[in-house]
Amino acid sequence: MAHGEVLEFEEYVRTRQDALLRSARRLVPDPIDAQDLLQTALVRTYGRWDGISDKRLADAYLRRVMINTRTEWWRARKLEEVPTEQLPDASVDDSTEQHADRALLMDILKVLAPKQRSVVVLRHWEQMSTEETAAALGMSAGTVKSTLHRALARLREELESRGYEGRALDPGKAGKERERCAA
C-alpha cells in the first residue's frame, strides 16, 4: 500500500472510530469484545484498503467485515451456557428511562440469531434502508424483510416473557438519542 493510502486509512479510522465502535458494540454485547471486533475488522480492512475504489462506502464495507467476523466468532464459540428455568434479573445502573430502555434492548438482542441481530441493528439503529441492508448483508430485500419480521416478533415475545407487554421500545429512537448525545 502506498504511503498516501496509509495516511488516508489512518485519517479514516481517526474520524470514524467512535461511530464504528458503536456499531461493533451493538453487534456483540461485551464492550471488550466490541473493541476486539472493531480492531479485527480494521486490520482486515487495512489489507484491502486500496481495493475500495469508492471510499464513501468504507463504512458499509467495514460493517460487513464486522458482521462476518462476528459470525465467524459465533460459529467457533464453545457453548458454555447453562440453561436455567428463569432468566436472571436485568440490572440497570442508570435510572433514566432512555438508558433503561437501551439497556433492555441490548439485553434482549442477545436472544436473536446473528443474522437476525445484524438485520435489526442495520435497519433500526443504523437506519439503513431495506435495500442498503440487503446489499450490506449480501441478501435479497425480501429476505431482509422476512428476517426483520421474525426478529421483531421474537423480540416482542422476549419482552412479553419479561413482563413488558404493551410497552413500546423503539430501537430507532434509541439510535436517534445516541446521535443527539454524541453531538
Side-chain angles (χ1 to χ4, degrees), residues 1-74 76 92-94 96-110 112 114-139 141 144 147-148 151 169-183:
M1 186 177 326
H3 182 68
E5 288 184 341
V6 171
L7 294 176
E8 182 182 22
F9 182 76
E10 288 176 359
E11 179 62 23
Y12 168 75
V13 172
R14 241 188 318 282
T15 59
R16 298 296 301 148
Q17 68 184 358
D18 292 338
L20 294 170
L21 183 57
R22 283 191 300 270
S23 293
R25 181 66 181 95
R26 290 183 190 107
L27 291 171
V28 293
D30 183 55
I32 302 301
D33 288 344
Q35 291 175 348
D36 288 345
L37 177 64
L38 178 57
Q39 185 65 34
T40 302
L42 287 171
V43 167
R44 290 179 178 182
T45 302
Y46 178 77
R48 303 253 183 196
W49 186 252
D50 55 346
I52 302 173
S53 56
D54 187 356
K55 301 301 188 215
R56 293 175 299 171
L57 300 176
D59 277 5
Y61 182 88
L62 196 54
R63 284 190 187 107
R64 183 65 196 169
V65 172
M66 284 192 287
I67 289 167
N68 289 345
T69 302
R70 193 271 331 271
T71 302
E72 288 172 17
W73 291 356
W74 182 80
V92 178
D93 295 333
D94 196 330
T96 65
E97 187 174 320
Q98 289 173 348
H99 289 289
D101 284 352
R102 193 173 311 134
L104 174 63
L105 282 169
M106 292 303 293
D107 191 43
I108 66 169
L109 277 175
K110 295 175 189 175
L112 297 178
K115 180 178 166 183
Q116 290 178 328
R117 184 190 293 204
S118 297
V119 170
V120 169
V121 166
L122 293 179
R123 284 287 290 126
H124 287 285
W125 264 291
E126 299 299 330
Q127 298 178 346
M128 294 173 82
S129 70
T130 300
E131 291 74 23
E132 291 170 329
T133 302
L137 297 176
M139 56 178 65
V144 169
T147 302
L148 181 63
L169 294 177
D170 181 6
K173 180 181 173 188
K176 290 174 190 153
E177 290 299 321
R178 175 202 34 132
E179 288 171 4
R180 199 168 67 215
C181 291

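Just so you know, these numbers use all the heavy atoms, side chains as well, and skip hydrogens, waters and symmetry mates.
Between Leu137 and Arg64, the closest heavy-atom pair is CA-NH1, 2.7 Å. Considering all non-hydrogen atoms of both residues, Ala134 and Ala141 come closest at CB-N, 3.8 Å. Taking every heavy atom of both residues into account, Ala34 and Ala24 meet most closely at O-CB, 3.5 Å. Arg63 approaches Ser23 most closely through the heavy-atom pair NE-OG, 3.2 Å.
A donor and an acceptor atom, one from each side chain of Asp59 and Tyr12, are located under 3.5 Å apart.
Between Arg14 and Glu10, some side-chain heavy-atom pair lies under the 4.5 Å cut-off. You'll find the side chain of Trp49 reaches within 4.5 Å of the side chain of Glu8, heavy atoms only. Taking the side chain as every heavy atom from C-beta outward, Leu21 and Asp18 never approach each other to under 4.5 Å. At a threshold of 4.5 Å between non-hydrogen side-chain atoms, the residues Arg117 and Pro29 count as touching. Inter-residue side-chain proximity for Glu132 and Glu126 is flagged as unmet; no heavy-atom pair is nearer than 4.5 Å. Within the 4.5 Å cutoff, no side-chain heavy atoms of Leu109 are placed close to those of Arg26. Side-chain contact check for Ile67 versus Leu122: some heavy-atom pair is nearer than 4.5 Å.
Judged purely by atom type and a 3.5 angstrom limit, Arg70 has no side-chain atom pairing as donor or acceptor with the backbone of Val28.
Here the straight-line distance linking atom CG of Leu27 with atom CH2 of Trp125 works out to 10.5 Å at 0.5 Å rounding. In this structure, CD in Gln35 is found 10.5 Å from CD in Gln17, a value given to the nearest 0.5 Å. Distance CE/Met139 to OG1/Thr147: 5.0 Å, rounded to 0.5 Å. Note: Arg25 CZ to Asp33 CG = 9.5 Å, rounded to the nearest 0.5 Å. Expressed to the nearest 0.5 Å, how far CZ of Phe9 lies from NZ of Lys55 amounts to 10.0 Å. To the nearest 0.5 Å, atom CG of residue Leu37 and atom CH2 of residue Trp73 are 4.5 Å apart.
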Where do Ile52 and Thr45 land on the side chain to side chain contact (heavy atoms under 4.5 Å, CB included) test, with the steps shown first?
CA-CA 9 Å; Ile52 302 173; Thr45 302; 4.2 Å; yes
